[in-house]
Amino acid sequence: MFNKRVKIKELLTWEPKDQQVTVMGWVRTFRNNQFIALNDGSTNNNLQVVVELGKFDDELLKRITTSASLKVSGHVIPSLGKGQKLEVRGETIEILGDSDAEKYPLQPKKHSLEFLREIAHLRFRTNTFGSVFRIRHSLAFAIHKFYNEKGFVYMHTPIVTASDAEGAGEMFRVTTLPLDNPPRNEDGSVNFKEDFFGRSSNLTVSGQLEGELGATAFGEIYTFGPTFRAENSNTARHLAEFWMIEPEMAFCDLEDNMNLAEEFIKYIIKYAMEHNREDLEFLAQRLADEEKQLPQDKRSEMGLIEKLEFVVNNSFERITYTEAIDILLQSPAYKKKKFQYDVKWGIDMQSEHERYLVEKHFKKPVIVTNYPKDIKAFYMRQNDDGKTVAAMDILAPGIGEIVGGSQREERLDKLEQRMAEMHIPAEELWWYLDTRRFGTVPHAGFGLGFERIVQFVTGMGNIRDVIAFPRTPKNCEF
Ligand code: 4AD
Ligand code: MG
C-alpha cells in the first residue's frame with residue numbers, strides 16, 4: 001500500500017519515543033541542507049524532518065526545494081531545536097514531485113492577499129488560507145450537525161430554475177440557444193419555447209420557494225447550496241456565486257425565526273472555536289499585526305477571538321426598522337452629515353447605516369425587524385399597519401447583513417394581491433400558491449450567507465478570500 005502515512009497534525013501531538021513513521025507533504029523550506037519544514041495541510045504547523053548528514057547524495061538533496069512533494073520515513077525523536085518538541089529523522093526520502101523553486105510563484109515570504117488571489121490555485125498552501133479553509137470546512141460541518149440534531153430535513157433545491165425567488169431580476173440565464181442567431185417570435189423577441197427547457201430558465205438566486213414546499217410537508221427543512229446573483233456589486237461582501245443556508249419552518253412566526261437564527265449562528269461559531277483553536281489563533285494574530293498599521297481610531301476594540309466569544313455569550317440586539325431609522329436620525333453621524341446617503345423612513349439602509357448601528361451604536365449583532373414592504377420581497381407576511389412586513393435582517397459588526405429572512409405570507413388572498421402589485425407572474429408560481437391553497441400554515445425562514453459568516457469568523461476583510469475560487473464581475477478564472 002502506498003499511503004500508510006501519519007498526518008502531521010496528529011504526529012505533532014505524540015510523545016517522541018522512536019516510533020517508525022511515514023509522512024508525506026510539501027516542502028515549505030529547506031535549511032542548511034539539513035532541516036526540512038514539511039507541511040501536509042492538516043495544520044499550519046510544519047514537521048521538522050532532519051536529513052542525516054552524508055546519508056543522501058547531492059542529486060537528491062538538490063531536489064528538496066520549496067513545494068516539492070516528499071514521502072519521508074524515519075523515527076520520531078525529541079527535537080534539540082527550539083520551537084518543536086519532536087522531529088522525524090529522515091531515513092528514506094522519496095521525491096514524489098519536483099518543484100522548480102525559481103518558477104514557483106509562492107516564495108517563503110509574505111505575499112499580499114491581492115497577489116494571492118491571482119494564484120488562487122496555490123494559495124491554499126499558505127498559512128492564512130490553510131486556516132481559512134479549514135475553518136470554512138468546520139462551519140459547513142457544524143451547520144449540518146446543528147440542523148440534523150434538530151431534526152430538520154436537508155433538502156437539495158434545484159440549481160436551474162425558471163423562477164426568480166427574490167423578484168429582483170438579478171439572474172444568470174441558462175440557455176443552449178445559439179447566441180448569434182436565436183430563434184425569434186414574430187415580434188422579434190427570443191423564442192424560448194425552442195430552448196432546452198422549453199422556457200426561459202436561470203441559475204437560482206435562492207432555494208427558498210422550493211424550501212417552503214418542503215417545510216409545508218416535513219415541517220422543518222434546510223437547504224445548503226450555491227446561489228447565483230448577477231448583481232454588479234464590486235464590493236468586499238458580494239459574490240456572483242455564493243453559498244447560502246436556508247432553513248424553512250412550518251408552525252413558526254417571526255420571533256421563533258429570530259430565535260432559531262441567533263441560536264444557529266452562536267452554535268456554529270462555538271463549534272469553530274472548539275475545533276479550530278489553532279487556526280483561529282493564527283488568524284487573530286494575523287489580524288492584530290495587520291491592525292498595527294492602522295491609526296488608533298481605526299483599530300478594532302476586540303481581538304478576533306474576543307469578538308467571537310462576545311457574540312456567543314451575549315444576546316443579539318433586537319429593534320424594529322422604525323427604531324433603527326430613529327437611532328440614525330438622532331446620531332451624531334447624521335447630525336454632522338457624515339452619512340453619504342440620506343436617512344428617512346422608507347430607505348433601504350446602506351451599508352454605512354447598518355455599520356453605524358452595529359459597530360458604533362450597539363457594538364454587537366443586531367436583528368432589525370418589520371421593514372417597509374416596498375423594499376422587501378413579495379413573499380413576506382404583511383403586518384396590520386399596511387406599511388411594513390414581518391421581515392428580519394441580522395447585521396454583524398464588520399460585515400453588515402449576514403442573514404435575511406421573514407415570516408411568510410400564508411394568506412392566499414393577501415399573497416396574490418401583493419404579487420399583482422409587484423408584477424410577479426402568479427401563473428408561473430402556481431405550485432407555490434398551492435401551498436396556500438391546501439393546508440396553509442404560518443411559516444418562516446431565513447437565509448444565512450455562508451461566505452459572510454466565514455468572513456465574520458475568520459476576520460478576513462474581503463469575501464474573495466473565504467471562497468476557493470471567487471466569481472465576481474469580470475472575473476471567472478480557475
Ligand atoms: O437577503 P437575501 O437576498 O435573502 C434571500 O435570498 C431569502 N430568500 C432568504 C430566505 O429567507 N430564505 O440573502 C440572504 C443572505 C444575505 O443576508 C447575505 O448574507 C447573503 O445571503 N448574500 C450574499 N452573500 C454574498 N454575495 C452576495 N451577492 C449575496 N447576496 C446575499
Ligand atoms: Mg437581504
Side-chain angles (χ1 to χ4, degrees), residues 139 143 147 152 155 157 161 163-172 203-215 220-249 252 254 256-258 260-261 264-265 268 321 348-351 354 358 365-369 371-372 375-381 389-396 398-409 424 432 443-457 460 462-467 470-473 475:
L139 289 169
I143 287 163
Y147 287 113
F152 283 51
M155 187 172 164
T157 50
T161 162
S163 65
D164 177 1
E166 291 304 297
E170 292 168 335
M171 297 169 303
F172 288 101
L203 295 178
T204 185
V205 295
S206 156
Q208 179 196 319
L209 302 192
E210 291 89 350
E212 286 184 53
L213 310 179
E220 291 171 325
I221 64 95
Y222 71 106
T223 71
F224 185 1
T227 47
F228 307 85
R229 299 212 181 159
E231 55 186 326
N232 207 353
S233 305
N234 238 318
T235 78
R237 288 173 188 79
H238 287 89
L239 290 166
E241 173 180 301
F242 64 98
W243 287 65
M244 185 155 51
I245 301 95
E246 295 185 275
E248 190 69 35
M249 296 75 66
C252 181
L254 188 64
D256 301 320
N257 201 24
M258 287 192 275
L260 181 80
F264 170 48
I265 289 170
I268 62 175
Y321 169 91
D348 199 358
M349 278 189 277
Q350 298 292 320
S351 137
E354 298 179 338
V358 287
V366 179
I367 312 184
V368 183
T369 57
Y371 282 78
I375 57 169
K376 289 292 183 189
F378 69 93
Y379 51 70
M380 296 193 180
R381 192 174 198 280
V389 285
M392 64 123 181
D393 276 9
I394 304 187
L395 315 176
I399 311 281
E401 181 190 333
I402 53 169
V403 162
S406 74
Q407 187 170 335
R408 316 307 187 190
E409 184 55 81
I424 307 284
Y432 182 70
H443 65 289
F446 63 85
L448 170 70
F450 187 49
E451 284 74 21
R452 292 199 184 166
I453 191 76
V454 181
Q455 262 193 291
F456 185 73
V457 174
M460 298 300 284
N462 196 311
I463 200 164
R464 293 168 176 83
D465 297 330
V466 299
I467 186 163
R471 271 68 178 107
T472 52
N475 172 35

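For ligands, and for the atoms within them, numbers begin at 1 and follow the listed sequence. All values reported here derive from a predicted model rather than from experimental measurement.
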For ligand 1, which atoms have a heavy atom of [X] less than 4.0 angstrom away?
X: E231; value: 27 (C), 28 (N), 30 (N)
X: V403; value: 17 (O)
X: G404; value: 1 (O), 9 (C), 10 (C), 11 (O), 17 (O)
X: E246; value: 7 (C), 8 (N), 9 (C), 10 (C), 12 (N)
X: Y379; value: 7 (C), 8 (N)

Of the protein's non-hydrogen atoms, which lies at the shortest distance from [atom], and what is that distance?
atom: atom 15 (C) of ligand 1; result: G447 O, 3.7 Å
atom: atom 11 (O) of ligand 1; result: R408 NH2, 2.9 Å
atom: atom 14 (C) of ligand 1; result: M244 SD, 3.4 Å
atom: atom 3 (O) of ligand 1; result: R229 NH1, 2.7 Å
atom: atom 22 (N) of ligand 1; result: F242 CE1, 3.4 Å
atom: atom 17 (O) of ligand 1; result: E401 OE2, 2.6 Å
atom: atom 26 (N) of ligand 1; result: L239 N, 3.0 Å
atom: atom 18 (C) of ligand 1; result: R452 NH1, 3.5 Å

Would I402 count as a polar contact of ligand 1, with the cut-off being nitrogen or oxygen pairs under 3.5 Å? yes

Quick check: does G449 get an N/O under 3.5 Å from an N/O on ligand 1? yes

If we ignore hydrogens and angles and just use 3.5 Å, is the side chain of D164 paired with the main-chain N or O of A168 as donor and acceptor? yes

Under 3.5 Å, side chain of T204 to main-chain N/O of S206, donor-acceptor pair present? yes

So is G405 touching ligand 1 or not, going by heavy atoms under 4.0 Å? yes

Mark the output for F228 as yes if a heavy-atom distance to ligand 1 is under 4.0 Å, and as no if none is. no

Name every donor-acceptor pair, under 3.5 Å, that has one atom in a side chain of residues 448-456 and the other anywhere in the protein, sequence neighbours excluded.
from : atom 1 : to   : atom 2 : distance (Å)
E451 : OE1    : W243 : N      : 2.9
E451 : OE2    : R136 : NH1    : 3.0
E451 : OE2    : R136 : NH2    : 3.1
R452 : NE     : R237 : O      : 3.0
R452 : NH1    : E401 : O      : 2.9
R452 : NH2    : R237 : O      : 2.8
Q455 : NE2    : A236 : O      : 3.4
Q455 : NE2    : M460 : O      : 3.2
Q455 : NE2    : G461 : O      : 3.1

side-chain hydrogen bond (donor to acceptor under 3.5 Å, both in side chains) partners for Q407, two or more places apart: none

Among E166, E451, M380, R237, closest by any non-hydrogen atom to atom 25 (C) of ligand 1: R237

Shortest reach to atom 10 (C) of ligand 1 by a heavy atom, considering only H238, Q208, Q407: Q208

One thing to verify: whether D348 and K376 come together as a salt bridge, which I'm taking to mean a side-chain N less than 4.0 angstrom from a carboxylate O. no

Excluding waters, how many protein N/O/S atoms sit closer than 2.8 Å to the Mg ion (ligand 2)? 1

Quick one: does ligand 1 sit under 4.0 Å from the side chain of T227, the backbone, both or neither, non-hydrogen atoms only? neither

For ligand 1, indicate whether the residue M392 contacts it via side chain, backbone, both or neither (heavy-atom separation under 4.0 Å). neither

What heavy-atom pair brings G405 and M380 nearest, and what distance separates the two atoms? O-CE, 4.1 Å

E248/Y222 under side chain to side chain donor-acceptor pair (under 3.5 Å): CA gap, chis, key distance, verdict: CA-CA 6 Å; E248 190 69 35; Y222 71 106; over 6 Å; no

Determine, using ring centers only, whether F172 and F228 are less than 6.0 Å apart. no

Looking only at side-chain N and O atoms, does Q208 offer a donor or acceptor that is under 3.5 Å from a partner on Y379? yes

Can you tell me which residue pairs pass the side chain to side chain donor-acceptor pair (under 3.5 Å) test with a partner in residues 225-235, sequence neighbours excluded? N234-R464, T235-H238

